[in-house]
Amino acid sequence: MELEQLSDEVEVISRVYARVHGVERTDDWLVLKLQEEIGELTQAFLTLSGRSRDRGLTEDEMRTAFRGEVADALAQLLLVARRFDVDLGEELERKWFRWRHLVRPEDTAGIRDVGGSV
């Protein structure tokens with residue numbers, strides 16, 4: 001799925017969430033919600049890595065919770081980028097992919113579908 005399509009789908013679900021829960025999706029709410037999701041991701045990581053109480057969860061439940069928080073953080077980040085007109089593809093090119101010329105074969109070992117595009 002392309003980033004733009006993913007962003008569109010997340011936007012729709014965020015609107016549903018706001019409607020159902022009576023939330024006004026202001027600029028500051030979007031950024032603060034991102035911070036909340038990062039905090040929840042951190043908590044899930046601490047639990048999974050044994051540095052917080054397990055809350056009675058099994059290992060599988062902890063992994064599931066962690067994966068869910070990663071998805072929540074990504075979705076909220078997509079919403080922030082969308083609201084503030086950040087072209088993530090363009091910004092990734094500018095900030096990250098400018099290093100492509102330094103990639104060596106060992107850097108792509110074990111990575112799917114990267115060799116030809118680097």
Rounded distance (nearest 0.5 Å) linking atom [atom1] of [X] with atom [atom2] of [Y]:
X	Y	atom1	atom2	result
Arg51	Leu46	CZ	CG	6.0 Å
Arg82	Leu77	CZ	CG	13.5 Å
Gln35	Thr42	CD	OG1	8.0 Å
Glu40	Glu37	CD	CD	4.5 Å
Tyr17	Leu79	OH	CG	11.5 Å

Arg63 with Glu59: basic N within carboxylate O range, under 4.0 Å: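 Here Arg63 pairs with Glu59 in a salt bridge, since their nearest N and O are under 4.0 Å apart.
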Salt bridge (charged side-chain N to carboxylate O under 4.0 Å, His left out) partners for Glu4, two or more places apart: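 Result, salt bridge (charged side-chain N to carboxylate O under 4.0 Å, His left out) vs Glu4: none returned.
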Do the non-hydrogen side-chain atoms of [X] and [Y] ever get within less than 4.5 Å of each other?
X	Y	value
Val12	Asp8	no
Arg98	Glu93	no
Thr47	Phe66	no
Arg55	Gln43	yes
Phe97	Arg100	yes
Lys33	Arg25	no
Leu88	Leu78	yes

Glu2 CD: over 12 foreign heavy atoms closer than 6.0 Å: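 Counting neighbours around CD of Glu2, 12 or fewer heavy atoms of other residues, nucleotides or ligands fall under 6.0 Å, so no.
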Thr108 side chain vs Ile111 backbone, donor-acceptor pair below 3.5 Å: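 Checking the backbone N and O of Ile111 against the side chain of Thr108, no donor-acceptor pair under 3.5 Å is found.
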Whether Thr64 side chain and Asp60 backbone form a donor-acceptor pair below 3.5 Å: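 Yes; at least one donor-acceptor contact below 3.5 Å.
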Side-chain heavy atoms nearer than 4.5 Å, only ILVMFWY residues, links allowed to pass through others: does that put [X] and [Y] together?
X	Y	answer
Leu74	Leu30	yes
Ile38	Val86	yes
Leu3	Val70	no
Val10	Val23	yes
Leu41	Leu32	no

Nearest heavy-atom neighbours spanning Met62 and Leu48: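 Scanning both residues, the minimum pair turns out to be CB-CD1, 3.9 Å.
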Aromatic plane relationship, His101 with Trp99 - under 30° parallel, 30 to 60° tilted, over 60° perpendicular: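 Aromatic pair Trp99/His101 classed parallel.
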Step-by-step side-chain contact (heavy atoms from CB on, under 4.5 Å) determination, Phe45 to Glu69: CA-CA 9 Å; Phe45 174 74; Glu69 295 305 336; over 6 Å; no
